[in-house]
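Report on one structure; see the data block that follows.
Quick caveat, the model's predicted, so the values are computed rather than measured.
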Amino acid sequence: MDNYEISRNRAQDYFLNFDQKTIIERWDLQHDTDYLYVDFVGRPYRVSRKTGKIDRLFDGKEAGFSEVLSIFDLLCHRGKDPFLTGRYAPVNSLRGCPVSVGVDTEFYGKTANFFDREPLLFDAACHNLGGISIAMGDIGFTFRIFDEMQVILKFYHSDEDFPASLTFLWDENTLNFIYYETVFYIAGFLLNEICREMRYQQEEI
């Protein structure tokens, strides 16, 4: 059993020891005797109320490490009452951020270079994943993460002076909903899904 599987199992155990009635009422979740139903990054999932296993309803696969930890943090987070401000900032400028070192635009450099080579596929992939185009950067999208919580993905093409870059902007109160580490699980998962969708489109051409 590797560390990812250990962490996933711990998250499942944590969920099973949490008051599910409280979760259902807090987030107004659809549910039955066997499952809770959750939308995460714009797509449907179900959570087993008996085992904690999370399934992706859109493709029939079991949820991966980043999805599991993110969904359980969102559902069971112990913190301040979550409310959104509508004001967005980089992760290290969020209220309650535990670190002061900035996450610069090179943090996702390899992924930004991939998007830069195929901007039309990148744009189409974001739309296919439920992103809403906005006037920010050279290409900008908002993605609904959970309930009313959203994230902004801002992308700039490379030019003769600067490499391609991308930045995530989160609501200032995001850390009332999730822990700092979970922000990166969600961002990484979203980028992986965009890249997966782009590669799928490439194969179809």
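At most 12 heavy atoms of other shown residues, nucleotides or ligands fall within 6.0 angstrom of atom CD in Q30.
The backbone N or O of T85 sits less than 3.5 Å from a side-chain atom of D171, completing a donor-acceptor pair. Side-chain atoms of N173 never come within 3.5 Å of backbone atoms of L84 as a donor-acceptor pair (strictly under, hydrogens ignored). E193 contributes no side-chain N or O that, together with a main-chain N or O of L190, makes up a donor-acceptor pair within less than 3.5 Å. In this structure a side-chain-to-backbone donor-acceptor pair under 3.5 Å is missing from D73 to L69. Side chain of D159 to main chain of F162: a donor-acceptor pair is present (N/O by atom type, distance under 3.5 Å, no hydrogens or angles). A side-chain donor-acceptor contact under 3.5 Å links S7 to the backbone of N3. Remark: the backbone N or O of L29 is paired with a side-chain donor or acceptor of H31 at under 3.5 angstrom. In this structure, D55 contributes its side chain and L57 its backbone to no donor-acceptor pair below 3.5 Å. Remark: side-chain polar atoms of D123 are not paired, donor with acceptor, to backbone N or O of P119 under 3.5 angstrom.
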Decide yes or no on ring-ring contact (aromatic ring centres under 6.0 Å, His included) for F65 and Y185, but give the supporting numbers first.
CA-CA 9 Å; F65 170 83; Y185 294 150; 5.4 Å; yes

Give the intermediate values and the outcome of ring-ring contact (aromatic ring centres under 6.0 Å, His included) for residues F141 and H127.
CA-CA 9 Å; F141 280 90; H127 280 293; 4.9 Å; yes

Audit row: F146, S70, side-chain contact (heavy atoms from CB on, under 4.5 Å) steps and yes/no
CA-CA 10 Å; F146 175 75; S70 298; over 6 Å; no

With side-chain contact (heavy atoms from CB on, under 4.5 Å) as the criterion, how do L166 and L153 come out once you've worked through the C-alpha distance, each side chain's angles and the decisive distance to 0.1 Å?
CA-CA 7 Å; L166 65 87; L153 173 56; 3.9 Å; yes

Chi angles and distances behind the ring-ring contact (aromatic ring centres under 6.0 Å, His included) call for H77, F177:
CA-CA 6 Å; H77 188 75; F177 289 78; 8.4 Å; no

Between Q20 and F15, does the side-chain contact (heavy atoms from CB on, under 4.5 Å) criterion hold? Intermediate values first, please.
CA-CA 8 Å; Q20 294 183 20; F15 164 75; 3.9 Å; yes

Begin with the C-alpha distance, continue with both residues' side-chain angles, and end with the deciding distance and a verdict on side-chain contact (heavy atoms from CB on, under 4.5 Å) for T167 and F155.
CA-CA 7 Å; T167 304; F155 172 78; over 6 Å; no

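Within the structure, the salt bridge (Lys or Arg N to Asp or Glu O under 4.0 Å) test picks out the following pairs touching residues 141-153 (sequence neighbours left out): R144-E148. The salt bridge (Lys or Arg N to Asp or Glu O under 4.0 Å) analysis of residues 83-98, with sequence neighbours excluded, yields the pairs R87-E172, R95-E172.
Take F58 and apply the side chain to side chain contact (heavy atoms under 4.5 Å, CB included) test, not counting sequence neighbours, and it matches R43, P44, Y45, R56. D32 meets the side chain to side chain contact (heavy atoms under 4.5 Å, CB included) test with D34, Y35, Y37; sequence neighbours excluded. F18 is linked by a side chain to side chain contact (heavy atoms under 4.5 Å, CB included) to Y14, I23, C76, R78, counting only residues two or more places apart in sequence or in another chain.
Looking at heavy atoms from C-beta onward, V38 lies out of side-chain contact with W27 at the 4.5 angstrom threshold. The shortest side-chain heavy-atom distance between Q201 and N128 falls under the 4.5 Å cut-off. Using a 4.5 Å heavy-atom threshold, the side chains of T111 and I194 count as separate.
Between the CE atom of M149 and the CG atom of L74 there is a distance of 6.0 Å, given to the nearest 0.5 Å. With values rounded to the nearest 0.5 angstrom, R196 atom CZ is found 10.0 Å from L129 atom CG. How far CD1 of I6 is from CG of N9: 8.0 Å, rounded to the nearest 0.5 Å. Rounding to the nearest 0.5 angstrom, the gap separating the CG atom in L191 from the CD1 atom in I186 is 12.0 Å.
Note: F115 and F122 have parallel aromatic rings, judged against thresholds of 30 and 60 degrees for the angle between ring planes. Aromatic ring orientation, W170 versus F168: tilted (interplanar angle from 30° to 60°).
A cation-pi contact, defined as under 6.0 Å to the ring centre and within 45° of the axis, links R199 to F114.
Side-chain N/O atoms of S158 and D116 include a donor and acceptor closer than 3.5 Å.
Grouped with Y88 in one hydrophobic cluster are I134, M136, I152, L169, the linkage being side-chain heavy-atom contacts under 4.5 Å among Ile, Leu, Val, Met, Phe, Trp and Tyr residues.
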